[in-house]
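First the structure, in the form of structure tokens, and then the observations on it.
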Amino acid sequence: MTFPTSPESMAPEWLGAVLGRPGRLKGFASAKVGTGQMCDSYRLTLDWEDGTDAPPSVIAKCPSHDEASRNIAKLTGTYVKEVSWYRELAAESGVAAPACHFADIAADDVDFVLILSDLAPARQGDQLAGLSLASLVPCIEAAAQLHAHLWNDARLADLGWLSRDNGDLVRALFPQLYVGFRERYAARLAADVLDLGAGLVDRLDAYLAREPAARTIVHGDLRIDNILFAPGGDACWLVDWQTLGRGSGAADLAYLIGTSIADPIERATADRPAFDHWIAALTAAGVAPDADALWTDYRVGALSGYFMAVFASMSVERTARGDEMFAVMAERPTRQALALGSLDLL
């Protein structure tokens, strides 16, 4: 391995060369940013020689300091997926995402580093506060751009890192993780929220084996904590590509709407308008979507937020904010799934 994996191990000479200005970077300061629990992110504030035309700061993403997070990342190929996204797909996709200056990962699938453009003053969304449907419109359009890129495309099967099959691992782990999840959140979540997980365990094989109406590239964790918003909220950038995969774009969208809108009544009135806006954006991007079949995918996809809440909460470093975030990630999609009759479709 010939690259650093933390700010402490980065030399100014290396970083300056990565940014195309060899010998011009005098030094840098680093500060932790973001709320992600799967890896560590830092803002590097750069001290350039006078007269250097260069960015004042960049973002470095590195392996998590937490051993449990690193272990699950290795098992699921999490870091491999994000590095490969920036290496192979990001630029050609047209999706609004940070520009990548450097991306590499070691053979152990754990030691990695990404050097990304700093999109400040864009701000990370707040999962706990949530957003309205109107504020999610740029996110829906960005999702459609992503999904349109490889919609039913044969290349999906050729990207080995994307099609890495974790089905057996997930099938084995999820029931065990749900037991721990139910115990941890017994006092925080209502009985019907906890019981949805039991129903998902009972139908797990059908859930994992279900074929969507259309296959495409999906973000896999499309929630507002993983989206940066421009001041004023009229534009956004998708970040945190560690759960990238092949699957249902409609499920990606259901996950976004289900986890983002805090009030269940407001969310219930938003599901179909959000879906229709996504269909229109896909059509504008050159896709011919089957809206009726994809609406069924959306309804099943409402379960994906709950699924992620269980899997992630019991697999990554535990924090106070994380506990509440994962509780909300189960609670909101439960209301969505119950309203849409999601389990009955399996």
Between [X] and [Y], is there a donor-acceptor pair closer than 3.5 Å when you use the side chain of the first and the backbone of the second?
X      : Y      : answer
Arg70  : Ser64  : yes
Arg21  : Leu19  : yes
Ser260 : Ile257 : no
Asp109 : Lys74  : no

Next on the checklist: So, applying ring-ring contact (aromatic ring centres under 6.0 Å, His included) with Tyr79, which one of Phe112, Trp85, Trp161, Trp241 is it?
Outcome noted: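 Among Phe112, Trp85, Trp161, Trp241, the one meeting ring-ring contact (aromatic ring centres under 6.0 Å, His included) with Tyr79 is Phe112.
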
Checklist entry - Less than 4.0 Å between a side-chain N and a carboxylate O, is that true for Arg267 and Asp263? => result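 Salt bridge between Asp263 and Arg267, a charged N being under 4.0 Å from a carboxylate O: no.
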
Do other residues, nucleotides or ligands put more than 12 heavy atoms under 6.0 Å from the [atom1] atom of [X]?
X      : atom1 : result
Glu92  : CD    : yes
Glu211 : CD    : yes
Arg123 : CZ    : no

Next on the checklist: In this structure, would Leu128 and Val239 fall into the same cluster of hydrophobic residues linked by side-chain contacts under 4.5 Å?
Outcome noted: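 No, because Leu128 and Val239 fall into different hydrophobic clusters, even though each may have its own neighbours under 4.5 Å.
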
Checklist entry - Are Leu119 and Val58 grouped together when hydrophobic residues (ILVMFWY) are joined by side-chain heavy atoms under 4.5 angstrom apart? => result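 Cluster IDs for Leu119 and Val58 differ.
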
Item to check | Shortest non-hydrogen contact from Leu116 toward Pro98 | outcome: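 Looking at all heavy atoms of both residues, the shortest contact is CB-CB, 4.1 Å.
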
Polar side chain donor-acceptor pair, [X] to [Y], under 3.5 angstrom:
X      : Y      : result
His219 : Asn226 : no
Arg24  : Thr52  : yes
Asp221 : Gln242 : no

Item to check | With Leu136, the side-chain contact (heavy atoms from CB on, under 4.5 Å) member among Ile227, Leu256, Leu253 | outcome: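 Running side-chain contact (heavy atoms from CB on, under 4.5 Å) over Ile227, Leu256, Leu253 with Leu136 returns exactly one hit, Leu256.
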
Checklist entry - Is the closest side-chain heavy-atom distance between Leu150 and Arg155 below 4.5 Å? => result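 They are in side-chain contact.
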
Item to check | Geometric class of the Tyr298/Trp295 ring pair [parallel <30°, tilted 30-60°, perpendicular >60°] | outcome: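 Parallel: the ring planes of Trp295 and Tyr298 meet at under 30°.
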
Next on the checklist: Determine whether Phe102 and Trp14 satisfy the following criterion, ring-ring contact (aromatic ring centres under 6.0 Å, His included), listing intermediate values before the conclusion.
Outcome noted: CA-CA 11 Å; Phe102 183 85; Trp14 178 86; 5.1 Å; yes

Next on the checklist: One pair to check against ring-ring contact (aromatic ring centres under 6.0 Å, His included): Phe174 and Phe307. What are the steps and the verdict?
Outcome noted: CA-CA 8 Å; Phe174 186 82; Phe307 189 88; 4.5 Å; yes

